[in-house]
Amino acid sequence: MTALPGASPGTPAEDPASEGSAPGDSGPGTPVTAERRSAGTEPDQVPGAAADGGGVAEDPSAEDPSGAGSTVDGEAAGDAGASEAQAELAAQRELRSRIEKRKAEKAGPIAAGGKLSGTAADLLAAVRAVESGAKPSGAFFDASAAPRKPAPTSVAGQGRPRVPAPGPARQRVDPGTVAAVLEVLVSGGAPEGLAARVAGVLGEQAADALREDPWRLLAVPGVQPEQADGFARALLGAECRPDDGRRAAALVGWLLERAALRGHTALDSAAVRTALAGHSVPDPDEALQHAIAEGVVLVFQDGVDAVEPEEAEGPGGPEEHGAPEAGEESGPQATVPVLLGLDRYALAEESLADGLARLVKTAQPASWEEAAGAAGSPSTAELVRAAAGHGLVAHTGGTAARAEPAALVEAARALGLRAVAAAHGENGRRGLGAGAVTVGGLLSGSEGPGRDEDGTLAVDLLAVLDAPQLDVETAAVLVESLPDGCRLVLSGDPGVLWSAGAGRVFADVLAARVCPVVASRTPDPGPLGELVSGIGVGELNRVEAPGKEVVIVPVRDAGEAVHRTVQLVADSVPRAIGVPSADTQVITVGHGGSAGTRALNAALKERFNPGPGRFGGFDPADRVAYAPAPGRTLTGTVVSADAEGLRVDCEGRAVLVPKDLVESTLRHGWALTAHQAAGMRWPAVVVVLPGDAAQGLSRPWVYTAFSRGERHLSVVHGVEQALARAVADIPSEHRTTRLRPLLENLLAPGEEAAGT
């Protein structure tokens, strides 16, 4: 049994400011109880399957403005102007507008509610035959697989669509539209407060759309099927039936959108049918056919990550490399799932795969031997050589390895290239050198070199750090914005939590083996580096920390965990380690529960900045977490408030949060979840693990939380052996994606990576 680093089970708490035991500590926390779990935590990523098993996890977007799965309506920004967040969302809307064009260009639309014919019908029939055992999986491919069009060796001059410079977001929905929607909602017994959100999602014809199809209410984030069914019964009366094709189409779309909140870009058709049956759909097969006919969902057969067990070994375990889930077969006799996906994620993954292939095929090899010879480390030299010879390079490593892509960018600039380093957020670009930008700022044009006349970014080499935080839609917009011949380096730590948005871009690029992968040999230093390195390979080791770099504080219950956390931040860490309270970040498993972010932030606000919260729950000098766009979190401090909204200092940048967005985009920020903290670092970190947090732990969660501290880590520990079990046995949650096979179809695996 692996001992907890820094303290043995049952030993007294260790305060960083003292040599002996802290008063009041007699042992580790108590086990999880049924009562405690019923109150529960609200984990970063809600446990539970999205579709398989007939249910979907609780919607994290309903109230989480700054964590994984948070949502901010781009059209609701009102009169705030073309802010960075609005411009970034505008760029993504440009990508999605092409999705609508793709829908319109589909030839021969199938009549609503009609039976499928042609390839779609053959595809569904084939998968049913394979699943029933009537035919082998090879027959499925013989009957229905269509060869993919190979990528051209060069796309220059072929009219590749360019992403224009993002413009300001559209204005808010017309008040008349909101009033019309309100009338329909009231007649159906739905909450009046949904009117603006429904109008924002469904557009100017929202009222007519709801009258024609009440189940379109499911398109609004936070609305559950039971609520949409009740609304439909009120509007349709006796005509409301569980087998209504409109209900089936809405449910399929809802299931896939919910799956996207948990990272999936597609779902196995069998899982979707199971989920439909769980929602009282009488004939799931017929419902699925109707949804396909309506264009709600697309059918794919190339989105399967099928690898042999021995190929799935490596950082992150089999899950990260797309091995079959428990209960599935592997090897030549395994059945071939048919995947279902939404158009927006299908187009994003296909656009991203095509864009990455374009960069590989248009980059001209060069010799940068002089720059490589002057590199400060062997890993940096290897990275320079790889970037010189290839259009796409993957780079892996911990915190210390971040200096290597930064050095590559400097070397490229010395060679006369337009080179840029981009991090996930403001905090992440610290230490990357002058000219470093954020991904959002680069896309919006508020940071970096801007765009050329053709709309592409004016760069010759782009190094993206924190690459695991790239969701598929952001990555697609970014790659589509790069010019032919540009070199792209994706750099990150494969052990951290994946993106808050759909996809697992970095993991899929690594697994596809279609580009050189440079693994840094620069370890993270000191006891913290030793601890985190062990977690990365599934071992929770005891480490020697003579300078109190790692301290364990056992607690018995959540109340004691909150008390000790406040004590650590306010007194022990500043006194013993020399890190001010303002530079110490608290990280916990979820927002809810007796020691989640809400409880911890309330206690920390009372200690550091008590006040009535007179500005939408906030006071000047409050620490806050601001979510300007889905999946992005900025930390800052409230400066003031006026008629326009709340003014916040985010990492030295002045930000105005409009009044109508304060509630949906701001949380107090003394305590964050690990998903919010991904991509950021602080001098000291206090990780809080109350007893009811055990079910929210995994190896990537622990790895991410424990690696956020630069000088010091305190662990308020109440989960007993659940921590060691999570590190040893719980890898990343599985995500179904299509990027890896798309890349493998466009670029032969191993060719570009040869010799690296």
*Is there a donor-acceptor contact under 3.5 Å from the side chain of Asp343 to the main chain of Ala346?*
no

*asked:* Are His591 and Arg667 packed together at the side-chain level, in the sense that at least one heavy-atom pair is separated by less than 4.5 angstrom?
replied: yes

_is_close_aromatic(Trp498, His675), centroid dist under 6.0 Å_ = no

_Test side chain to side chain donor-acceptor pair (under 3.5 Å) applied to Asp283 - qualifying residues, sequence neighbours left out_ = none

*Is a side-chain N or O of Glu239 found less than 3.5 angstrom from the main chain of Leu236, in a donor-acceptor match?*
no

_Non-neighbouring partners of Ser698 that pass side chain to side chain donor-acceptor pair (under 3.5 Å), sequence neighbours left out_ = none

*Enter the distance from Leu256:CG to Leu342:CG here, rounded to the nearest 0.5 Å.*
4.5 Å

*asked:* Let's go through Val648 and Tyr626 carefully: what are the C-alpha distance in whole Å and the side-chain angles of both, what is the deciding distance for side chain to side chain contact (heavy atoms under 4.5 Å, CB included) to 0.1 Å, and is it a yes or a no?
replied: CA-CA 9 Å; Val648 180; Tyr626 171 50; 5.6 Å; no

_Donor-acceptor check, side chain of His290 to backbone of Gly245, threshold 3.5 angstrom: yes or no?_
yes

_Asp619 side chain reached by Val638 side chain, heavy atoms, under 4.5 Å_ = no

*Is a donor on one side and an acceptor on the other found under 3.5 Å between the side chain of Arg504 and the backbone of His264?*
no

*If you measure from OG1 on Thr474 to CG on Leu443, what distance do you get to the nearest 0.5 Å?*
7.5 Å

*asked:* Ignoring hydrogens, what is the shortest heavy-atom contact between Ala249 and Val296? Give both atom names and the distance.
replied: O-CG1, 3.5 Å

*Inspect the surroundings of CD in Glu192 and state if more than 12 heavy atoms from other residues, nucleotides or ligands are less than 6.0 Å away.*
no

*Looking only at atom types and distance, does a side-chain atom of Arg273 sit under 3.5 Å from a main-chain N or O of Pro284, one as donor and one as acceptor?*
no

*Identify the two heavy atoms, one from Ser187 and one from Leu235, that lie closest to each other, and give their separation to 0.1 Å.*
OG-CD2, 3.4 Å

*Got a salt bridge between Lys659 and Glu644, using NZ or NE/NH1/NH2 to carboxylate O under 4.0 Å?*
no

*Would you mind reporting whether Leu251 and Val281 have side-chain heavy atoms less than 4.5 Å apart?*
yes

*Do Pro741 and Gln301 come close enough that some side-chain heavy atom pair is under 4.5 Å?*
no

What donor-acceptor contacts under 3.5 angstrom involve side-chain atoms of residues 210-219, with partners at least two apart or in another chain?
unit_1: Asp213; atom_1: OD1; unit_2: Trp215; atom_2: N; d: 3.1
unit_1: Trp215; atom_1: NE1; unit_2: Asp229; atom_2: OD1; d: 2.8

*To the nearest 0.5 Å, what is the distance between CG (Leu634) and CD (Glu426)?*
6.5 Å

*Using modelled atom types only, decide if a donor and an acceptor are shared between the side chain of Ser444 and the backbone of Gly441 within a distance under 3.5 Å.*
yes

*Rounded to the nearest 0.5 Å, what separation is found between the OG1 atom of Thr673 and the CH2 atom of Trp701?*
8.5 Å

*Give a yes-or-no answer on whether the side chains of Asp354 and Ser351 include a donor-acceptor pair shorter than 3.5 Å.*
no

*State, with a plain yes or no, whether a side-chain heavy atom of Phe506 is found less than 4.5 Å away from one of Leu470.*
no

*Separation between OG1 of Thr588 and CD of Gln676, rounded to the nearest 0.5 Å*: 11.0 Å

*What is the minimum heavy-atom distance between Arg262 and Arg735, and which atoms define it?*
O-NE, 3.6 Å

_Has Arg197 got a side-chain atom pairing as donor or acceptor with Pro221's backbone, closer than 3.5 angstrom?_
yes

*Could you pull out the closest heavy-atom pair between Pro282 and Pro242, with the gap in Å?*
CD-O, 3.8 Å

*Would you call Leu340 and Leu298 a side-chain contact if the rule is heavy atoms closer than 4.5 Å?*
no

*Any donor-acceptor N/O pair, Glu349 side chain to Arg738 backbone, under 3.5 Å*: yes

*Using only heavy-atom distances, determine whether the side chains of His734 and Ser732 contain a donor-acceptor pair under 3.5 Å.*
no

*Tyr345 to Thr265 - nearest heavy-atom pair and separation*: CB-O, 3.9 Å

*Would you sort out whether Ser594 and Asp692 count as a side chain to side chain contact (heavy atoms under 4.5 Å, CB included), showing the intermediate values?*
CA-CA 9 Å; Ser594 50; Asp692 56 2; 3.8 Å; yes

*asked:* I'd like to check the salt bridge (charged side-chain N to carboxylate O under 4.0 Å, His left out) partners of Arg246; sequence neighbours left out, ordered by chain and number.
replied: Asp244

*Show the numbers, then the answer: is there a side chain to side chain contact (heavy atoms under 4.5 Å, CB included) between Ser481 and Arg451?*
CA-CA 9 Å; Ser481 299; Arg451 296 177 181 253; 3.4 Å; yes

*Grab the two heavy atoms, one from Gly503 and one from Thr737, that are nearest each other, plus how far apart they are.*
CA-CG2, 4.0 Å

_Ala195: partners by side-chain contact (heavy atoms from CB on, under 4.5 Å), with sequence neighbours left out_ = Val178, Val181, Leu182, Leu185

_Using only atom types and a distance under 3.5 Å, with no angle test, would you say the side chain of Asp268 pairs donor to acceptor with the backbone of Leu339?_
no

*Considering residues at least two apart in sequence or located in another chain, which fulfil the salt bridge (charged side-chain N to carboxylate O under 4.0 Å, His left out) criterion with Arg233?*
none

*asked:* Return the CZ to OG1 distance between Arg632 and Thr665, rounded to the nearest 0.5 Å.
replied: 12.5 Å

*Any side-chain heavy atom of Pro468 within less than 4.5 Å of one from Leu497?*
no

*Compare all side-chain heavy atoms of Val184 with those of Phe231 and state whether any distance is below 4.5 angstrom.*
yes

_Between Asn601 and His668 (side chain of the first, backbone of the second, donor and acceptor by atom type, cut-off under 3.5 Å), is there such a pair?_
yes

